[in-house]
Amino acid sequence: MLSYRHGFHAGNHADVLKHWACVMMAEYMGEKGKPYWYVDTHSGAGIYSLDSLESKKTEEYKGGIHALWDKNIPDVFTSYIEIIKSLNKSDNLKLYPGSPWFVAQCLEKGDRARLFELHPQDFKLLNRNFGGERAIKVEQQDGFSGLKAILPPPTKRALVVIDPPYEQAKEYDLVVENISQSLKRFSTGVYVVWYPLINRNAKQNASEKMVAKLKKLGAKSTLEVNFCVSGKDEELGMYGSGLFILNPPWSLEKKLNEGLPFLVESLGKTDKAGFFVEYNELN
């Protein structure tokens, strides 16, 4: 299936969580002074117009980045917001970046990016946005297959972001299978899995089951993050989202706990909005 287009959802509350965390992790990787690879298995278009027909149809960004735009933000969000302002070249919010754009702004000399996107229209846009960058390679390919082919990277350091659309139930299992295989090839990589929290019949527990399996894969350490804009049973559809990070940067847990209360206050829809952060380390 290739029906999913992220333009309908760009800048929503799930994007805010994912991209804010990605910027913090990319900055951490850069602090080490050693080159690394950034790999995005489902890159999308890279940049989205909030004036597009897709965005205007859902207006999901109004419950996400738009609600933060004119607020006094905690310092922990500064880099994330500055990247968006730099893309817009002003304080007027017209464009919103995808994960590849956010991380690309954090890359240093010697760092490389591999971006995979299968959807023909989104690949065309992605290639237009990044095709001229020597350090960034864009491929129209299934990201899971692409990931298998490039691990371990020559740098022996990598930040891998995996966020499929989860339109099909099998995608949850594909995430687990690919992370399992990736750890065997490259056990020290930082692997970031995004997932939706959905109140909709069979899908309601799909993310929980996937996370439970990911916890058993034997990564040295893991960090689980959930951000909910409403309660689990308050409305149908996506009430929040999560990140499951294998081998997370040591500083990330503290920064998430610093910033998430602000997101709950700013983006929460009901008094049941909240967050959850749990770090685990193997003995």
Side-chain angles (χ1 to χ4, degrees), residues 1-26 38-71 73 77 79-107 113-133 136-141 143 161-167 192 194-196 227 229 237-238 240-241 243 263 266-267:
M1 291 179 66
L2 291 175
S3 59
Y4 180 84
R5 302 294 302 280
H6 192 67
F8 290 97
H9 314 289
N12 67 3
H13 59 82
D15 266 3
V16 171
L17 173 66
K18 176 175 62 177
H19 296 147
W20 169 50
C22 281
V23 169
M24 290 190 289
M25 285 184 278
Y38 167 64
V39 183
D40 197 316
T41 61
H42 298 75
S43 296
I47 299 174
Y48 304 92
S49 170
L50 299 181
D51 288 330
S52 68
L53 292 176
E54 293 87 353
S55 184
K56 287 183 175 180
K57 183 175 182 178
T58 61
E59 294 190 325
E60 288 188 19
Y61 71 93
K62 289 187 175 180
I65 186 58
H66 186 265
L68 304 180
W69 198 241
D70 294 323
K71 290 201 170 193
I73 58 170
F77 290 97
S79 295
Y80 165 69
I81 294 295
E82 287 302 319
I83 289 173
I84 305 171
K85 287 185 176 181
S86 177
L87 174 64
N88 284 275
K89 296 181 172 56
S90 72
D91 289 336
N92 295 321
L93 182 61
K94 299 292 185 181
L95 301 172
Y96 186 81
S99 304
W101 186 270
F102 277 105
V103 177
Q105 308 316 302
C106 302
L107 297 179
R114 298 290 293 270
L115 309 179
F116 299 99
E117 177 54 49
L118 192 57
H119 196 290
Q121 290 174 273
D122 280 347
F123 170 76
K124 183 178 180 180
L125 294 170
L126 184 70
N127 194 50
R128 185 179 71 186
N129 289 324
F130 293 101
E133 301 287 341
I136 300 175
K137 185 174 182 180
V138 180
E139 297 185 57
Q140 187 177 6
Q141 184 180 353
V161 175
I162 300 175
D163 60 341
Y166 299 102
E167 289 186 297
V192 184
W194 176 88
Y195 54 89
F227 168 49
V229 296
M238 189 168 71
S241 64
L243 298 171
L263 290 189
S266 302
L267 307 184

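We number each residue from 1, following the sequence as shown. A quick note: this is a predicted structure, and the numbers were derived from the prediction, not measured.
Within the 4.5 Å cutoff, side-chain heavy atoms of N12 are placed close to those of M238. A 4.5 Å side-chain heavy-atom check between S55 and Y48 finds every atom pair outside the cut-off. Contact of the F227 side chain with the L267 side chain is registered, since non-hydrogen atoms from C-beta on lie closer than 4.5 Å.
Closest heavy-atom contact between I65 and V16: N-CG2, 3.7 Å. Counting all heavy atoms, side chain and backbone alike, K94 lies closest to N88 at N-OD1, 2.8 Å. G63 and H13 get closest at one heavy-atom pair: O-CB, 3.9 Å. When all heavy atoms are compared, the tightest approach of F130 to G46 is CE1-CA, 4.1 Å. Of all the heavy atoms in L50 and A10, the pair that sits closest is CD2-O, 3.9 Å.
With rounding to the nearest 0.5 angstrom, the CG atom of L87 is 5.0 Å from the CD1 atom of I47. The OG atom of S99 lies 5.0 Å from the CG atom of D40; values are rounded to the nearest 0.5 Å. Here the CD atom belonging to Q140 is positioned 10.0 Å from the CG atom belonging to D122, to the nearest 0.5 angstrom. Of the inter-residue distances, the one linking I136 atom CD1 with N129 atom CG reads 10.0 Å to the nearest 0.5 angstrom. The distance from the NZ atom of K18 to the CG atom of D15 is 5.0 Å, given to the nearest 0.5 Å. Atom OG of S86 is separated from atom CG of L95 by 11.0 Å, given to the nearest 0.5 angstrom.
With N127 contributing its side chain and F123 its backbone, the two residues share no donor-acceptor pair below 3.5 Å. Without hydrogens or angle criteria, E117 side chain to G44 main chain gives a donor-acceptor distance under 3.5 Å. At distances below 3.5 Å, not a single donor-acceptor pair connects side-chain atoms of S266 with backbone N or O atoms of L68.
Within 6.0 Å of the NZ atom in K124, the count of heavy atoms belonging to other residues, nucleotides or ligands does not exceed 12.
W194 and Y166 have tilted rings, their planes meeting at an angle from 30° to 60° on a 0 to 90° scale. Using bins of under 30°, 30° to 60° and over 60° for the plane-to-plane angle, the ring pair H19/Y96 lands in the tilted bin.
Of the residues listed (E60, H66, E59), the one engaging K62 in a side-chain hydrogen bond (donor to acceptor under 3.5 Å, both in side chains) is E59, and it is the only one.
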Please test I162 against V39 for side chain to side chain contact (heavy atoms under 4.5 Å, CB included), starting from the C-alpha separation and ending with a verdict.
-> CA-CA 8 Å; I162 300 175; V39 183; over 6 Å; no
Please test L263 against W20 for side chain to side chain contact (heavy atoms under 4.5 Å, CB included), starting from the C-alpha separation and ending with a verdict.
-> CA-CA 11 Å; L263 290 189; W20 169 50; 4.1 Å; yes
